[in-house]
Amino acid sequence: MPELPEVETTLRGVAPHIVDQFIDQLRVHNGSLRWPVTRGISELAKGQRVVAITRRAKYLLVELERGTMMIHLGMSGSLRLVDRAAPRRKHDHIEMLMTNGVCLRYHDPRRFGAWLWSDSGFPQLDHLGPEPLTDEFTGKRLFELSRKRKMAIKPFIMDNRTVVGVGNIYASEALFRGGIRPDRAAGRVSLKRYEQLTVHIKEVLTSAITQGGTTLRDFVNGNGEPGYFQQTLMVYGRGGQPCVTCAKPLKDIRLGQRSSVFCPACQR
DNA sequence: CTTTCAGCCTGACGGC
DNA sequence: TGCCGTCAGGCTGAAA
């Protein structure tokens, strides 16, 4: 599932082919996504130049001369650059054809994603916390925000108001590296441990982006499998298997309706 | 205010 | 073989 590293990888792969190009056609084959695709978006986008593509949290923002398109990949979405003559696959819901011949296809089996247009901002972006890979994201911030909070630390760091872009995979991995149990109350973690945790979060995200980038050369050919899936995951998806550190079996619990794997011996 | 939880959706997988 | 139930999960908004 796309987490922040995959969204960032997608941005870097797509931007050089799209920015400064003109939209020839925006075809919506199935506009029934997380929110209905903006009515009339094809007419709104047609002929416009793409001024820039940026990312905020897991949202991609395609800035046009007038208005912005906001794309989210949801749980199962992907954006691929393909030859416009390539046959459309099942679940290819939207395609953006550029006048330079490039074709960007939005593919999303579960349709949890989004593709919206607005010229007055998006409310989804209004209450987001800092980007994890900036200096705004500090252990001090986590410590202060968490005081008197009884919520478990894992859902706390996955809350977009705390910090954006930390999904289930990287929350699990960072907590393992930090030696913190995912079900520990957020308010009962010291400043020192929060400072260490922010370093681990930045490291796992950065390393995943680096590895995601290794598949970028294949992007245009449609081999969209992101490289970071190959990275060694120490706890995520490994419930019952031995801990890489102490070999005791990893425990799998549910926190906030999400599976959470951890080592009861190494994480406290 | 904080916290929990249903719902959105399809594909993969296990049991029978 | 195929049918059925369960699980996966980001995000929102309503309920507690």
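Within every chain, numbering begins at 1; the chains are lettered A, B, ... in the order of the sequence lines, protein sequences first and strands thereafter.
Applying the side chain to side chain donor-acceptor pair (under 3.5 Å) test to pairs two or more places apart or on separate chains, those with a residue in residues 44-60 of chain A are A/Glu8-A/Arg55, A/Asp20-A/Arg49, A/Arg55-A/Glu131, A/Arg56-A/Glu131. Screening residues 238-255 of chain A for side chain to side chain donor-acceptor pair (under 3.5 Å) gives A/Arg238-A/Gln241 as the qualifying pairs, with residues at least two apart or on separate chains.
In this structure A/Phe143 satisfies the ring pair (Phe, Tyr, Trp, His ring centres under 6.0 Å) test with no other residue, sequence neighbours excluded. Scored by the ring pair (Phe, Tyr, Trp, His ring centres under 6.0 Å) test, A/Tyr106 finds A/Trp115 as partners (sequence neighbours excluded). Residues meeting the side-chain hydrogen bond (donor to acceptor under 3.5 Å, both in side chains) test with A/Arg188, sequence neighbours left out: none. Listed by chain and residue number, A/Pro123 satisfy the side chain to side chain contact (heavy atoms under 4.5 Å, CB included) test with A/Asp126 (two or more places apart in sequence, or in another chain). By the side chain to side chain contact (heavy atoms under 4.5 Å, CB included) test, A/Ala114 is found to be paired with A/Trp35, A/His72, residues two or more places apart in sequence or in another chain being considered. The side chain to side chain contact (heavy atoms under 4.5 Å, CB included) test applied to A/Glu195 returns A/Leu191, not counting sequence neighbours.
Note: CG (A/Asp159) to P (B/dT2) measures 10 Å, nearest angstrom. Going from atom CG of A/Asp108 over to atom P of B/dC9 covers 12 Å, rounded to whole Å.
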With B for base contact, S for sugar-phosphate-only contact and - for none (protein heavy atoms under 4.0 Å), nucleotides 6-16 of chain C reads --BBBBS----
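Checking A/His200 against A/Glu173 by side-chain atom types alone, no donor-acceptor pair falls below 3.5 Å.
The hydrophobic cluster containing A/Val51, built from Ile/Leu/Val/Met/Phe/Trp/Tyr side-chain heavy atoms closer than 4.5 Å, comprises no other residue.
Listed by residue number, there are no residues of residues 137-151 of chain A with a heavy-atom contact under 4.0 Å to DNA chain C.
Rounded to 10 degrees, the angle separating the terminal helix axes of the helix from B/dT2-C/dA16 to B/dC16-C/dG2, each built from five base pairs, is 50°.
Both A/His91 and A/Pro155 lie close to DNA chain B; mapped to their nearest nucleotides by heavy-atom distance, the more 5′-ward contact belongs to A/Pro155.
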